[in-house]
Amino acid sequence: MQTVFTTPAFSVTTDHAQALDTDIVIVPLFEEDDLADLPGLDAATGGELSRATQRKEVTGKPFESFVTVLSGWKASRVVVVGAGPRAKADADCVRRVATVGTLAARQRRATRIAFIHRPIDGASAERAAQAIAEGVCLGNYDGGSYKTKKEPRTWIASAVVRVAAAGGSLTADVERGRVLGESTNQARTMSNAPGNELTPRVFAERAREVAQAAGLGVEVLDEHRIEALKMGLLLGVARGSQEPPRLVVLRHEPAHAVPGVVLGLIGKGITFDTGGISIKPADNMDKMKDDMSGGAAVICAMAALSRLGAPVRCVGVVPMTENMPGGRAVKPGDVLVSAEGKTVEIINTDAEGRLVLGDALWYARQLGATHLVDLATLTGACVVALGKTTSGLFGTPPAWVTQVHSASARAGDRSWPMPVFDDYAEQLKSEIADFTNTGGRAGGAITGALFIKEFAGDLPWVHMDIAGTAWAEESKPYQPKGATGVGVRTLVELALDAAAWGKLNLKP
Ligand code: BES
Ligand code: MN
Ligand code: ZN
């Protein structure tokens, strides 16, 4: 497969836009803007920009883009990107505008860009600088291609962030955005990979490479180690496949860490989900190669937070297996015993994610985690409830859910809290085991979450259901089709904020 992304070199400057030595300048345009708000730009386009405004080709509406040539500036062209109403503009908007501008620049075969940041009330210069770097990286990505006839691709090699006033931390903010954008792209690449390429063993090796390059501790447990740990749920799911399972453990142990806190991050790593014996219909089954997106997010977030020196100890646990209907596969009616000793009656073998997560959450607790967050493409029901742009948040206590929710808002990963009332647990009652693995159609995303909760002990725990958000079905100006890398930036934002939440008393 050919290269799917590159990460540009970034710099920050306060130089005049005219003087920036680059191919294309990217300029956000708000709906209420007057061209006088962009000094010198219309003149440099020879009046083309004002003519385009008059004929309503350029309006400032979100994510429209307009490219034209410049004279008298060092850059040869400008892309004007609609940013919507100024009052609504925030870091999220800036990130998307940067992606749109980057994609447009690449289409024009530019390799060097400069982004003109325009101050807004909705985001500090620091937050905006980070968002610009993230957005540029996200735009410097193409889904993998296995076509033998190669299409020419242009990558942005250098990006200048032009700010009005130099501030102390702006270079660090851009660097944080660069690492977050690059790590999101790494996760997208893993999720886009076909299931025959990214088997559990290959996934574990990629995790090892990414983690080692970022300075994390890595351990890959093979099927024998997993058996020795008696992880009956993970092994039960893996039984139907010829491919052996893996359990990847990542450790971030910084010298200066918030005392008494170990953030446990757990990600579902089903490299392909056929449903098993409760096999899925053929339509759209191909999408189930992304069923390891939660795992990819955990791996790439751990790499990012290590690079950024997040001041908190973290342990990442990613169970990896296929869910296949082989001759030895787990069957409906079977009873599995988890590593913790709890018994589970399998009603539907397609509810496999919660099984592998059960053993993984238990293991994260054995490794000393004090706070848990799991990410999983867990349920179709969550897609029905919240659609394709918002992840479901489930957990306890509410103060911990709030921390993850606000981290996801900072990250530009939309999420929304869902209830986990005990009443729902009745739906998981089994006649013969501690509980079943499915709770029927009603509240399917919630019963899935409550199953996982059984393995969180009494730790603060949040489950993020990314079944709808991990994969974009339609392309948007700021988001091509395919894997989105959702969750990577949320987890890093959460870890970076540990000094604040590490002090909270989070007894469920
Ligand atoms: N990986 C799927 C969930 C999924 C569905 C992700 C659609 C993305 C898009 C998961 O393993 C699954 O099959 N869940 C079942 C659970 C049910 C059997 C209780 C589902 O949602 O149908
Ligand atoms: Mn499934
Ligand atoms: Zn699944």
Side-chain angles (χ1 to χ4, degrees), residues 191-192 195 198 200 203 233-234 236-241 245 266-297 318-325 329-334 344-358 360 374-392 394 418 424-425 427-430 435-452 463-474 481-484 486-487:
S191 296
N192 278 329
L198 198 89
F203 191 19
L233 301 183
L234 174 55
V237 175
R239 284 179 68 86
S241 171
I266 302 98
K268 172 176 174 181
I270 301 292
T271 60
F272 194 81
D273 182 11
T274 66
I277 296 298
S278 315
I279 199 160
K280 289 179 181 294
D283 274 1
N284 290 322
M285 202 206 271
D286 55 303
K287 293 287 148 42
M288 285 299 130
K289 68 176 184 179
D290 87 335
D291 212 19
M292 33 54 70
S293 296
V318 182
M320 302 173 173
T321 177
E322 293 184 328
N323 185 23
M324 297 285 285
V330 65
K331 305 172 293 297
D334 287 0
V344 180
E345 182 187 4
I346 304 301
I347 303 298
N348 188 322
T349 66
D350 199 8
E352 85 296 344
R354 59 198 72 182
L355 297 174
V356 303
L357 288 169
D374 79 75
L375 257 80
T377 46
L378 202 77
T379 65
C382 192
V383 191
V384 173
L386 293 172
K388 297 275 305 161
T389 59
T390 306
S391 305
F394 307 78
M418 301 276 278
Y424 292 101
Q427 291 172 238
L428 295 174
K429 279 209 168 123
S430 164
F435 29 83
T436 61
N437 77 327
T438 61
R441 277 172 62 81
I446 300 170
T447 51
L450 282 180
F451 182 97
I452 297 171
H463 156 64
M464 191 166 180
D465 193 333
I466 57 170
T469 49
W471 191 267
E473 224 91 63
E474 288 160 49
K481 274 191 203 184
T484 61
V486 66

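For the single chain, residues carry numbers from 1 onward in sequence order. For ligands, and for the atoms within them, numbers begin at 1 and follow the listed sequence.
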Closest non-hydrogen protein atom to [atom], residue and atom name please, with distance?
atom	value
atom 15 (C) of ligand 1	D350 O, 4.0 Å
atom 9 (C) of ligand 1	M288 CE, 3.5 Å
atom 1 (N) of ligand 1	D291 OD1, 2.9 Å
atom 20 (C) of ligand 1	G380 N, 3.9 Å

Within the distance-only criterion (no hydrogens, no angle test), does the side chain of [X] pair as donor or acceptor with the backbone N or O of [Y] below 3.5 angstrom?
X	Y	value
T438	I347	no
K268	S293	no
T349	S278	yes

D291, N/O/S atom nearest the Zn ion (ligand 3): OD2
Of all the N, O or S atoms in D273, the one nearest to the Zn ion (ligand 3) is OD2
Number the atoms of ligand 1 from 1 as they appear, then name those within less than 4.0 Å of a heavy atom of [X], with their elements.
X	answer
T438	19 (C)
T377	1 (N), 2 (C), 3 (C), 6 (C)
R354	16 (C), 19 (C)
A467	6 (C), 8 (C)
E352	11 (O)
K268	1 (N), 10 (C), 11 (O)

Atom of E352 closest to the Mn ion (ligand 2), considering N, O or S atoms: OE1
With respect to the Mn ion (ligand 2), what is the nearest N, O or S atom of D273? OD2
Specify whether an N/O/S atom of D350 falls short of 2.8 Å from the Mn ion (ligand 2). yes
Less than 4.5 Å apart, side chain to side chain, heavy atoms only: is that true for [X] and [Y]?
X	Y	result
F394	I452	no
L378	L357	yes
N192	W471	yes
K280	D350	yes
I279	M285	yes

Stepwise side-chain contact (heavy atoms from CB on, under 4.5 Å) check, I346 with K331: CA-CA 7 Å; I346 304 301; K331 305 172 293 297; over 6 Å; no
As a test of understanding, state which of I266, N323, V318, L234 forms a side-chain contact (heavy atoms from CB on, under 4.5 Å) with V356. L234
Is the closest heavy atom of K287 to ligand 1 under 4.0 Å? no
To the nearest 0.5 Å, what is the distance between CG (D273) and CE (M292)? 13.0 Å
Using heavy-atom distances, let me know which of N437, L378, V383 sits nearest atom 3 (C) of ligand 1. L378
Going by heavy-atom distance to atom 2 (C) of ligand 1, choose the closest among D273, V237, N348. D273
Look at atom 11 (O) of ligand 1 and say whether a protein heavy atom is found at less than 4.0 angstrom from it. yes
For D291, the option from T274, T271, T377 that meets side chain to side chain donor-acceptor pair (under 3.5 Å): T377
Rounded to 10°, how big is the angle at the Zn ion (ligand 3) from K268 NZ to E352 OE2? 90°
